[in-house]
Protein chains: 2
Amino acid sequence: MSEPFLDTLDEQSPAPAEIAKPVASLHEGLLVALRDFIVEGNLEDGARVPERALCERFNISRTPLREALKVLAAEGLIELLPNRGARVRELSSADLRELFDVMGGLEALAGRLACERITEVEFAEIERIHHEMYRFYLRRDMHGYFHCNQAIHQLIVAAAGNATLSATYAGLAGRIRRVRYSANLAKDRDRLGEAMREHEAILDALRRRAGSELSDILFLHLRNKLKAAQAPALAAGA
Amino acid sequence: MSEPFLDTLDEQSPAPAEIAKPVASLHEGLLVALRDFIVEGNLEDGARVPERALCERFNISRTPLREALKVLAAEGLIELLPNRGARVRELSSADLRELFDVMGGLEALAGRLACERITEVEFAEIERIHHEMYRFYLRRDMHGYFHCNQAIHQLIVAAAGNATLSATYAGLAGRIRRVRYSANLAKDRDRLGEAMREHEAILDALRRRAGSELSDILFLHLRNKLKAAQAPALAAGA
DNA sequence: GCTGATCATTTTGCATTCATTTTTTGGAAG
DNA sequence: CTTCCAAAAAATGAATGCAAAATGATCAGC
């Protein structure tokens, strides 16, 4: 068998992006579909994005497709080379570091804001999932563990109650989601225990509504996650 | 005379956005031009964006213009109503709060990263501008003061050495730049002194490379800035 | 046999065109 | 005079067409 978990990193971002829009449009559909198509890895890293083929794939003409490509390029998912079409953007390890740091900064912010406004009900839900994650951890059930981990981070961002933050965060997460390496994380048992302890600290700070402290913990948590992800260099699934 | 300084808020963001792109494209030009056109306030808040007029204004056909509009909508500068065209997005006070908080989070991150990698030369430059700002403060020269203030924040973000952060930050700053209220800030002398003291603390923390501390200070600095900006509600220039 | 140039094919970028939808305008009824 | 409806006008969303650029394929030259 191949790698145990070719899941994407244990990051959140359920919906691709979406800056608050009053009503849904028709073109929106294509944008979402195309973004998913790329994020889900249907195109190779650095591969050129075939306009014509995608037009047939989505049953549309080139005009709306090209509009969507422009948007995805602005999001950083692809890059547009003048007169040479679109290419799936490759993430260098430096890009990855940058993305993790910014996501760490945004999670730090989310934690701080969450401390200001989180309700007991919301906290209880996070705590519940945390305990569930702990059980997965004890059983070494990586799939369940990652799922809970993702849910917790997602709930913290949501608890911040800031749509702009959520949208910004989701946009960056989408760019990372193409990168696959959880096999890496799964193999490093020490990191797993460490991550579990960090999550304990996160929950504790959140319980005490210690915003500034939680902020630090979350940023460092992301830093450690990055380190673990790119450390052994056994990375890159497939 | 009207307000003393109908400048935009003392925020940075020199170049509109730009996610790292290998080479410049032709379409890029239109996008930048159109973004500036809107950011500079050539269109009323909430006004519909006249496609035809802009086509003539920029001497292009509707196709590239519409592509640019889609991108600007994704950035959050305008909103696209299905079958009803584009409108300049209005910022509610809640939107403004969200934007300030996220920018505060990003500045907090910038400060943290800057502490890790800033050079003595870069720090000296920031310190120099800080002292220049102090002289403007003593003379109550608001224009010079704001200019220095903006430069300092900009240099901290730059010192973070994270292009993704810079681009994200610039994008949000662009959305705020349409809002004008420095008249507000200028009138509140107490806030000015307070801001000056906060900047002292920022410089001090940066000097000591106290990342986590600087992070807190910067976030709260932005919070206070928002409070001052929307407190007296004499806001909204013109 | 390999490198480099010329030409055909494909692809990109933009303008134009077409079908729908929305907005405006004019008028009739109450 | 106001309100409602209908038709004209305009604008939007998407498809097609066309010029320019790039890709590749073939062929000449070394």
Side-chain angles (χ1 to χ4, degrees), chain A residues 17-19 21-38 42-90, chain B residues 17-19 21-38 42-90:
Chain A
E18 296 327 314
I19 294 182
K21 284 185 186 150
V23 285
S25 84
L26 59 152
H27 144 110
E28 205 66 18
L30 170 64
L31 185 57
V32 171
L34 188 56
R35 183 160 32 212
D36 286 351
F37 185 80
I38 294 175
N42 296 70
L43 262 38
E44 289 302 310
D45 239 47
R48 73 187 290 159
V49 181
E51 266 186 27
R52 181 159 297 277
L54 288 176
C55 286
E56 294 172 12
R57 171 78 174 68
F58 292 106
N59 269 343
I60 43 148
S61 76
R62 286 179 54 219
T63 307
L65 181 84
R66 290 174 105 287
E67 289 173 350
L69 289 179
K70 294 286 197 299
V71 172
L72 295 181
E75 288 176 10
L77 201 64
I78 61 178
E79 52 190 0
L80 260 31
L81 289 73
N83 289 320
R84 305 182 71 205
R87 283 203 156 57
V88 178
R89 187 158 172 206
E90 296 187 79
Chain B
E18 297 327 313
I19 294 182
K21 286 185 187 151
V23 286
S25 83
L26 59 152
H27 145 111
E28 205 65 18
L30 169 65
L31 185 58
V32 171
L34 187 56
R35 184 160 31 213
D36 286 352
F37 185 81
I38 294 175
N42 297 70
L43 263 38
E44 289 302 309
D45 240 45
R48 75 185 290 157
V49 181
E51 267 187 26
R52 178 159 296 279
L54 289 176
C55 286
E56 294 171 12
R57 171 78 174 67
F58 293 107
N59 270 341
I60 43 150
S61 79
R62 284 179 56 222
T63 307
L65 181 84
R66 286 169 57 61
E67 288 173 351
L69 288 179
K70 294 287 197 301
V71 173
L72 295 182
E75 288 176 9
L77 202 64
I78 62 178
E79 52 190 359
L80 259 31
L81 290 77
N83 289 319
R84 306 183 69 199
R87 286 204 151 58
V88 178
R89 188 158 171 205
E90 296 188 78

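Naming: A, B, ... by sequence-line order, numbering from 1 per chain.
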Without decimals, in angstroms, what is the distance between [X] [atom1] and [N] [atom2]?
{"X": "B:R62", "N": "D:dA14", "atom1": "CZ", "atom2": "P", "value": "11 Å"}
{"X": "A:E67", "N": "C:dG13", "atom1": "CD", "atom2": "P", "value": "14 Å"}
{"X": "A:N59", "N": "D:dT16", "atom1": "CG", "atom2": "C1'", "value": "16 Å"}
{"X": "B:F58", "N": "C:dC14", "atom1": "CZ", "atom2": "P", "value": "15 Å"}
{"X": "B:N83", "N": "D:dA14", "atom1": "CG", "atom2": "C1'", "value": "11 Å"}
{"X": "A:L65", "N": "D:dT16", "atom1": "CG", "atom2": "C1'", "value": "15 Å"}
{"X": "B:H27", "N": "C:dA15", "atom1": "NE2", "atom2": "P", "value": "13 Å"}
{"X": "B:L80", "N": "D:dA14", "atom1": "CG", "atom2": "C1'", "value": "14 Å"}

In the structure I gave you, are the side-chain heavy atoms of A:V88 and A:E44 within less than 4.5 Å of one another anywhere?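 No, their side chains stay 4.5 Å or more apart.
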
Is there a side-chain contact between A:I78 and A:R87, using heavy atoms and a 4.5 Å cut-off?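 Result no, sub-4.5 Å side-chain heavy-atom pair not found.
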
Please compare B:P64 and B:R48 by the position of their nearest nucleotide in DNA chain C and report the one closer to 5'. B:P64

Is the phosphate of D:dA10 approached by B:R52 (side-chain N or O, under 4.0 Å from OP1 or OP2)? no

Is there a donor N/O on one and an acceptor N/O on the other, under 3.5 Å, for the side chain of B:R84 and the base of D:dG13?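 When only heavy-atom distances are counted, B:R84 does not reach the base of D:dG13 through any donor-acceptor pair under 3.5 Å.
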
Side-chain donor or acceptor of A:S61 under 3.5 Å from a matching atom on the base of D:dA14?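 Side chain to base: no pair below 3.5 Å.
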
Side chain of A:E51, heavy atoms from C-beta onward: which of C:dG13, D:dG13, D:dA15 has the nearest atom to it? C:dG13

Supply the atom-to-atom distance B:R48 CZ to B:E79 CD, rounded to the nearest 0.5 angstrom. 12.5 Å

Hey, is A:R62 close enough to A:E51 for a salt bridge, meaning N to O under 4.0 Å?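 Judged by the 4.0 Å cut-off on N to carboxylate O distance, A:R62 and A:E51 do form a salt bridge.
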
